[in-house]
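Notes to accompany the following structure.
Below, each value reflects all heavy atoms present in this structure, side chains not excepted, and no hydrogens, waters or symmetry copies.
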Amino acid sequence: MYPAPFRYFRPDSLDKAIRLLSELGEGARPLAGGQSLIPILKLRMDEPTDLVDIGRLPDLRYMKNDNGINFIGALATHARIAVSKIATTIPIIADCALGIADAQVRNRGTIGGSVSTADPSCDWPALLHTLDAEIVCQGPSGKRTLTIHDFIVDSYTTALTDAELVTEIRFRTPGDHSGGSYIGFKKAAPSYPTASVGIQITLAEEDVCKDVRLVLSAAGPRPVTSNEAESVLRGNALTKGNLDKAAEAIIAASDPPSDSRGSSAFKRTMLHSLFIKAANIAISRAHGKNITGAQVYV
Ligand SMILES: Cc1cc2nc3c(=O)[nH]c(=O)nc-3n(C[C@H](O)[C@H](O)[C@H](O)COP(=O)(O)OP(=O)(O)OC[C@H]3O[C@@H](n4cnc5c(N)ncnc54)[C@H](O)[C@@H]3O)c2cc1C
């Protein structure tokens with residue numbers, strides 16, 4: 001199907017893009033990599049009057065680290081993030097970026113577009129919870145910074161207001177004795193995950209957990225987190241029994257929908273085994289082991 005007619009604008013600066021979006025009003029949409037928006041337009045699930053192409057803005061592609069804080073511009077693509085120094089330092093970032101779709105989608109899709117879509121199956125909105133990331137937004141009234149938790153409001157709904165753009169994603173590099181793992185279960189590379197799990201852990205000593213962040217994706221309208229599940233592990237030994245208890249607690253907080261990718265019951269069982277696999281990889285990485293690749297395909 002062809003999209004409904006729209007006008008197309010390509011401003012050459014961030015300020016001009018924000019001004020245009022503000023002038024064009026509620027029918028206008030920013031276009032970044034187009035990997036979510038173009039299919040939505042073709043299916044006529046949205047019929048914007050205007051597209052403001054921000055995809056070639058020069059200043060939003062950076063990836064840098066300053067004093068232990070990582071800054072990623074909204075237009076950094078999944079492919080560039082996958083091979084960045086940030087991904088080498090923080091393996092959970094590589095897991096996520098490399099697991100998204102296929103090379104074509106990764107070469108065009110952006111981290112800013114992914115968080116702004118707030119698709120419950122998309123990986124960045126969930127993954128960024130494990131790193132307590134912040135989202136920098138800029139609009140006609142200036143800049144503001146939100147935690148990823150406050151930014152993702154619901155399925156396909158963010159805290160962005162009219163004419164506001166995501167400009168940057170920030171997170172701290174995890175400290176010593178930390179390791180993370182993000183695993184999605186997929187039918188094939190170009191399909192969205194059936195279910196995903198992210199775990200970022202810091203060890204106090206041998207196998208005792210000092211701190212932990214847990215998240216499930218494609219398991220409810222927004223990324224699923226659970227203080228209760230994290231407190232099962234925090235301060236305690238990372239035994240099989242405790243990992244099972246934590247998995248049960250976070251899965252109890254989830255609500256995976258039954259759909260063409262599987263029944264809710266199947267997804268709950270899948271989430272449990274992904275959780276244990278991700279936890280074991282995260283613990284091994286926290287011990288300094290180099291483990292690559294973390295997707296599970298049917
Ligand atoms: C076949 C296929 C498979 C895929 N599989 C996966 C997968 O396994 N995992 C996964 O996570 N994703 C997957 N995706 C989605 C992909 O990651 C998209 O790249 C991403 O969701 C959107 O990024 P984009 O830059 O293409 O955004 P666009 O499609 O250009 O925009 C998406 C939405 O965000 C808005 N937007 C874009 N940038 C900004 C910004 N900076 N500020 C404010 N609003 C903005 C747009 O207006 C639009 O509403 C898949 C996509 C396809 C086509």
Side-chain angles (χ1 to χ4, degrees), residues 1-11 17-18 20-57 60 74-80 96-97 99-126 151-166 184-196 217-223 255-264 266-267 295 297-298:
M1 209 191 306
Y2 290 109
F6 54 80
R7 293 186 299 174
Y8 174 85
F9 299 87
R10 205 169 87 203
I18 291 169
L20 250 179
L21 285 165
S22 177
E23 284 164 11
L24 293 168
E26 60 178 31
R29 303 278 177 277
L31 172 70
Q35 298 305 296
S36 290
L37 186 56
I38 299 296
I40 286 171
L41 299 189
K42 284 179 147 187
L43 292 167
R44 300 219 177 181
M45 289 162 65
D46 191 12
E47 298 190 1
T49 51
D50 302 280
L51 291 190
V52 176
D53 189 348
I54 59 168
R56 287 180 238 193
L57 290 181
L60 294 179
L75 292 177
T77 61
H78 313 315
R80 284 191 53 239
C96 178
I100 293 175
D102 49 26
Q104 282 164 303
V105 172
R106 289 197 293 273
N107 279 331
R108 294 206 62 90
T110 66
I111 190 168
S114 176
V115 294
S116 303
T117 308
D119 179 333
S121 301
C122 269
D123 295 300
W124 287 119
F151 179 82
I152 305 287
V153 173
D154 205 343
S155 171
Y156 295 101
T157 310
T158 68
L160 283 171
T161 56
D162 287 342
E164 211 174 23
L165 289 170
V166 170
F185 174 79
K186 299 182 127 198
K187 288 191 174 163
S191 59
Y192 284 82
T194 303
S196 308
S217 182
R222 57 185 311 289
D255 187 16
S258 292
D259 55 25
S260 58
R261 294 180 204 148
S263 67
S264 183
F266 166 76
K267 290 182 187 180
Q295 291 295 345
Y297 296 103
V298 172

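With Ser264 contributing its side chain and Pro256 its backbone, the two residues share a donor-acceptor pair below 3.5 Å. Judged by distance alone, with hydrogens and angles left aside, the side-chain atoms of Thr157 form a donor-acceptor pair with the main-chain N or O of Ser155 at under 3.5 Å. With hydrogens and angles disregarded, no donor-acceptor distance shorter than 3.5 Å links the side chain of Arg108 to the backbone of Thr77. Side-chain atoms of Asp123 never come within 3.5 Å of backbone atoms of Ala126 as a donor-acceptor pair (strictly under, hydrogens ignored).
Note that SG of Cys122 is 11.0 Å distant from CD of Gln35, once rounded to the nearest 0.5 Å. With rounding to the nearest 0.5 Å, the separation of OG in Ser116 from CH2 in Trp124 is 14.0 Å. Here OH of Tyr156 is found 8.0 Å from OG1 of Thr117. Values are rounded to the nearest 0.5 Å. The CG atom of Leu41 lies 8.0 Å from the CG atom of Leu31; values are rounded to the nearest 0.5 Å. To the nearest 0.5 angstrom, Leu75 atom CG is 11.0 Å from Ile111 atom CD1. A distance of 8.0 Å separates CG in Leu37 from CZ in Arg29, rounded to the nearest 0.5 Å.
Heavy atoms from other residues, nucleotides or ligands lying under 6.0 Å from CD of Gln104 number 12 at most. Under a cut-off of 6.0 angstrom, the local environment of OH in Tyr8 is crowded, with over 12 non-hydrogen atoms contributed by other residues, nucleotides or ligands.
Taking every heavy atom of both residues into account, Ser114 and His78 meet most closely at CB-CE1, 4.2 Å. Here the shortest heavy-atom pairing between Leu57 and Ala17 reads CD1-CB, 4.3 Å. The minimum heavy-atom distance between Phe6 and Ala4, with the atom names listed, is CD2-O, 3.3 Å. Taking all atoms of both residues into account, the shortest heavy-atom contact from Pro30 to Ile54 is CB-CD1, 4.3 Å. When all heavy atoms of Pro120 and Ser217 are compared, the pair lying nearest together is O-OG, 3.4 Å. Across Leu21 and Ala28, no two heavy atoms sit closer than the pair CD2-CB, 4.0 Å.
Side chain to side chain, Ser191 and Arg261 fail the donor-acceptor criterion of an N or O pair below 3.5 Å.
Side-chain contact between Leu160 and Phe151 is present, with at least one heavy-atom pair separated by less than 4.5 Å. Contact annotation: the side chain of Leu165 approaches that of Ile18 to within less than 4.5 Å [non-hydrogen atoms, C-beta and beyond]. A 4.5 Å side-chain heavy-atom check between Thr49 and Leu24 finds every atom pair outside the cut-off.
Qualifying side chain to side chain donor-acceptor pair (under 3.5 Å) partners for Glu164, counting only residues two or more places apart in sequence or in other chains: Arg144, Thr161.
For Asp154 and Arg222, the salt-bridge test fails: no basic side-chain N is under 4.0 Å from an acidic carboxylate O.
Only one option out of Asp255, Thr194, Asp259 pairs with Lys267 in a side-chain hydrogen bond (donor to acceptor under 3.5 Å, both in side chains); it is Asp259.
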